[in-house]
Enquirer: 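Below you'll find the structure I mean.
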Amino acid sequence: METLNLQFSPINALNLARRRRRCNYLSGSALIPIPTGPSFLSLRIRQNCRGGTRMQVVEEEYEVKQMKDMAAARKRWEALVRDGKVKVLTPKEAGYAIQLSNKTLLDVRPSNERKKAWVKGSTWVPIFDVDENLDAGTLSRKITGFMMGGWWSGIPTLSYDKQFLSKVAEKFSKDTDLIVTCQKGLRSLAACELLHNAGYENIFWVQGGLEAAEGEDLEREGPQPFKLAGIGGLSEFLGWTDPQRAQAAKEGWGYRLVFSARLVGLFLVADALFIGAQQAGHYLQDLRSH
């Protein structure tokens, strides 16, 4: 089934740039033979290097496949829009349609974005949501994602909700006018394709997602502006994201000072931890010497 590729590939491809591995394997110099003959250690190093090379090749092949799947998905999505099977709305047009035509807004974002800001009266059915499983495979993906940039971006490990279509079907008939949105507009396109293939006839896609909404385009509820709902991690804490920079330009120095204070505080905490580690090291050395 063609949509199966869509269900899993796009979200992985979206994260390739963020999650690309930066691990360096042992250099070629580690393979230089020792004059006294190969030892167990040198053989082990050779084996590890070959294993590391194979792992790197597998990962590169996986990334290439994901990029190809993403390119194919984009072509399908463009065809849906071009053929008029999915109609395009700006955030402002979506706001008018909700207010004047009583159309339904379907929010397909994950819970970490939804809880920060949502459109009043919208229906939430995530196509991908935060993976809360604690099995070995999921934990491995979470650790990898965190180490490969999740600590900075705050992007959680997401998994496709296999019940997405059935949950939508419970709430809406197939002749319902559905305005579909996400944070930036990509996952909602994936949702539009699934809905179209499932028989929904009146599908509208919010171009650019909620992040593209300005001012009073859409009636917002929640603690944060739409533009800040998709950020997280240390970059959000320090204010080093594009939406926060744009917000700072509007609100002036008061907004910037908050994040400047956080940066100074982070340096002070790091310095205190470093000094504490040094002191602990000296204390342990004294204990050993006695």
Enquirer: I need the His196 NE2 to Lys85 NZ distance, nearest 0.5 Å.
Expert: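 It is 4.5 Å, given to the nearest 0.5 Å.
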Enquirer: Start with the C-alpha gap between Asn202 and Lys103, add the side-chain angles, then the distance that decides, and say whether side chain to side chain contact (heavy atoms under 4.5 Å, CB included) holds.
Expert: CA-CA 10 Å; Asn202 304 311; Lys103 287 184 171 59; over 6 Å; no
Enquirer: Is Arg76 salt-bridged to Glu193, cutoff N-O under 4.0 Å?
Expert: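 Answer for the salt bridge query: yes.
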Enquirer: Working note: Asp161 + Asp129, criterion side chain to side chain contact (heavy atoms under 4.5 Å, CB included); need CA distance, chi angles, decisive distance, verdict.
Expert: CA-CA 7 Å; Asp161 185 355; Asp129 206 359; 5.7 Å; no
Enquirer: Taking side chain as C-beta onward, heavy atoms only, is Trp205 less than 4.5 Å from Cys192?
Expert: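 In contact.
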Enquirer: Counting C-beta onward and ignoring hydrogens, is there a side-chain heavy-atom pair between Phe164 and Val108 closer than 4.5 Å?
Expert: yes
Enquirer: Taking all atoms of both residues into account, what is the closest heavy-atom pair of Ala191 and Val180, and its distance?
Expert: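 In this case the closest contact between Ala191 and Val180 is CB-CG1, 4.1 Å.
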Enquirer: Go through the steps for Arg114 and Ser122 under the test side chain to side chain contact (heavy atoms under 4.5 Å, CB included), then give the verdict.
Expert: CA-CA 11 Å; Arg114 168 80 179 187; Ser122 62; 2.9 Å; yes
Enquirer: Under 4.5 Å between any side-chain heavy atoms of Leu158 and Val130, yes or no?
Expert: yes
Enquirer: Please determine if Glu113 and Arg187 form a salt bridge, counting it only when a charged side-chain N lies under 4.0 Å from a carboxylate O.
Expert: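 Salt bridge present between Glu113 and Arg187.
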Enquirer: Taking the side chain as everything from C-beta on, heavy atoms only, tell me whether Pro91 gets closer than 4.5 Å to Phe226.
Expert: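 They are not in contact (no side-chain heavy atoms under 4.5 Å apart), so the answer is no.
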Enquirer: So which heavy atom on Pro243 is nearest to which on Lys227, and how close?
Expert: CB-O, 3.4 Å
Enquirer: Do Phe172 and Leu178 make a side-chain contact, defined as non-hydrogen atoms from C-beta onward lying under 4.5 Å apart?
Expert: yes
Enquirer: Between Lys87 and Glu93, is there a side-chain N and carboxylate O pair less than 4.0 Å apart?
Expert: no
Enquirer: Can you tell me if CG on Asp135 sees more than 12 non-hydrogen neighbours from other groups inside 6.0 Å?
Expert: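 More than 12 within 6.0 Å, yes.
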Enquirer: Any side-chain heavy-atom pair from Lys92 and Thr90 closer than 4.5 angstrom?
Expert: yes
Enquirer: Is atom CD of Glu216 surrounded by more than 12 heavy atoms (other residues, nucleotides or ligands) closer than 6.0 Å?
Expert: no
Enquirer: A side-chain contact here means heavy atoms from C-beta on lying under 4.5 Å apart; do Thr181 and Leu106 qualify?
Expert: no
Enquirer: Can you find a pair of side-chain heavy atoms, one from Leu139 and one from Leu134, that are under 4.5 Å apart?
Expert: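 Side-chain contact under 4.5 Å: yes.
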Enquirer: Between Thr104 and Ile179, is a side chain to side chain contact (heavy atoms under 4.5 Å, CB included) present by the stated rule, with each step listed?
Expert: CA-CA 6 Å; Thr104 300; Ile179 302 175; over 6 Å; no
